[in-house]
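Comments concern the structure below.
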Amino acid sequence: MISKELVVKTKEVNELIIGAGLTGLIYGITLLEKKKNVAIVEGHIYPGGYATSFVRNKRKYRFDCSQHKITGLGKNANLRDVFERIDLWDKLDFKYFDELFSIHVKGQYYHIPGNIKGIKIYLNEQFPEEKESLDHFFHDINTIGYQNYMFVRMLLGEYQLNRNLLPETRQLQNLTVKQYFQSYFQNEHLIEVLSAISMYLGTHANEANAVYFLHYLYAAFCTKPGYVLGTAQSLSNFLLKEFKERGGYVSLKDTVHQIELNEEGEITQVNSRKHHFVTKTVTATCSPHNVMKMLPEFSEKEAFESKLQNLKFGWGHFCVYIITDLDPEELGFTKEEYILVSDKGDILTPEEKESDERYDKLSLSVTNYHKMDPECGRTIQLIVLDYKSDWFELEEQAYLSKKERIQERIIRRAYQYFPKLEGHILYKESSTPKTNKKYTNSPEGSAFGYKISPNDNMRFLSKSPVRGLKFVGTWASGAGYESAMCQGFMHAKLS
Ligand SMILES: Cc1cc2nc3c(=O)[nH]c(=O)nc-3n(C[C@H](O)[C@H](O)[C@H](O)COP(=O)(O)OP(=O)(O)OC[C@H]3O[C@@H](n4cnc5c(N)ncnc54)[C@H](O)[C@@H]3O)c2cc1C
């Protein structure tokens, strides 16, 4: 048999974007308004990065790799504004939630409504003795949370910074989410209910930065979150199609591995598996750690890398994908989204964090995708945040048996809350942080970029050490669909 040799094409472009995740796609679409000859290179066979899905059983079942809530879809919200400004809003169809999540804390469910008015009424009814503190908390969301949510608009010159908020913002930057709630509230249930929401930022309350969290709460509570039918892949496919129809060039299954510089330190060429791109400008939506490995030695490299060493990779996750033989609603999954908090409330000893016990003790998110979109089939997903641990070192057989052991442990945990599930699982499989790395190239399988903890300083990432290179997206400014797409839009507008 004659083996087919890959022919590497040379192509001149005005700008090269690494990664066709949501950041890269919106960045590319927006950039095409001012530049021609823009290319995106994506390592995976499909566009979307974390916003992808996969199918099983002849496409009868569809599993979403990340979509739970897309924030920013209400009038005047940032993501909707982006979609309107690049003529996408009228072509997209979102569905909305009546309830954000049902959170189980110490034997009781708390059902958080889908809008700020309902949330205020509900929390005041549940915790009347905390009324004054709740008023302060909602005030913080509407001031400090709002101002940080508006950061992208501020960089676009469309929001004026309220300097009066800065002293308090700086103070809160030093606190974790847990410390912030403990400084306001007495009621342990209320603290745990609100803390559990940090899972949606891909973190836990005892390590997340309070200001970063307030910005997310503003987005989740006040900007009308929704979702797209057909999983996040339908959104990513749609954005890729728009990028191509507007004149963009895309190369899938094509990983960038080298950026060449001339003696002046300027970019001259980018090499991928399938291309030599002749270009002076590169926008990287992948990890800056990986970009540094693509570059040759240059004078400021060491200094920049030593700053990178101070950042910690964010959590990855362990996900169990389940198909049931009955509609999940009949098995007790009456809501779309649950967060099940253990009595330990995500605070683990180092031994617990290192052992399998973490899968019983860290919060468990349960999503009934069938209720969100019956076309996906009878699918449920169980997620616990996880980290690289020994996932990357294990030999194949040991890796597979550990994966199976953890999968069964998490399923047994789910039975405690949904006993009718037992005996109704038709099919199950799992993903680990190693799977994340395989499909998105993220170091240590991080699913949420770098950790954003108190006092962490990621600001240096806004200025890359190489002329013509910039870092945009989750790795430069934090995770989330809205954040990724708004960052993509803003950076393209400013470029
Ligand atoms: C389980 C889970 C649930 C989530 N739920 C939500 C949610 O409900 N709401 C929400 O707002 N956010 C959620 N998120 C976060 C959200 O999915 C991400 O923050 C967002 O999709 C990241 O987009 P991005 O484009 O910045 O990065 P990515 O999606 O990581 O895209 C980067 C792309 O670059 C490609 N790439 C990397 N290196 C190279 C290379 N060398 N050459 C070519 N291509 C390369 C990768 O393959 C990838 O496609 C969730 C994430 C996870 C993991």
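Both ligands and their constituent atoms are indexed starting at 1 by order of listing.
For ligand 1 and H68, the ligand atoms under 4.0 Å from any heavy atom of the residue are 3 (C), 5 (N), 7 (C), 8 (O). In the vicinity of T23, heavy-atom distances shorter than 4.0 Å reach the ligand 1 atoms 24 (P), 25 (O), 26 (O). Proximity to T255 (heavy-atom distance under 4.0 Å) selects the following atoms of ligand 1: 40 (C), 41 (N), 42 (N), 43 (C).
Under the ring-ring contact (aromatic ring centres under 6.0 Å, His included) criterion, Y212 pairs with H215, not counting sequence neighbours.
The heavy atom nearest to atom 8 (O) of ligand 1, out of those in M294, K69, Q67, is found in K69. Checking Y50, F448, Y46, Y216 against atom 14 (N) of ligand 1, the nearest heavy atom belongs to F448.
Ligand 1 has Y439 within reach: a non-hydrogen atom of the residue lies less than 4.0 Å from it. For the pair Q487 and ligand 1, no heavy-atom separation below 4.0 Å is found. Put simply, no part of S287 is less than 4.0 Å from ligand 1, judged by heavy atoms.
The protein non-hydrogen atom at the shortest distance from atom 5 (N) of ligand 1 is S66 O, 2.6 Å. If you check which protein heavy atom lies closest to atom 32 (C) of ligand 1, you get T285 OG1, 3.9 Å. Of the protein's heavy atoms, V256 N, 2.9 Å lies nearest to atom 42 (N) of ligand 1. Nearest protein neighbour of atom 35 (C) of ligand 1, counting heavy atoms only, is E42 OE1, 3.3 Å.
By the 6.0 Å and 45° rule, K388 does not stack over the aromatic ring of F313. Cation-pi contact between K11 and Y249: present, with separation from the ring centre below 6.0 Å and deviation from the ring axis of at most 45°.
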The test is side-chain contact (heavy atoms from CB on, under 4.5 Å); show your working for W475 and L311 and say whether it passes.
CA-CA 11 Å; W475 284 98; L311 300 178; over 6 Å; no
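Tested against P225, the residues L100, L73, L79 include a single side chain to side chain contact (heavy atoms under 4.5 Å, CB included) partner, L100.
Aromatic pair Y227/F97: centroids less than 6.0 angstrom apart. Ring centroids of Y427 and Y61 are separated by 6.0 Å or more, keeping the two rings apart.
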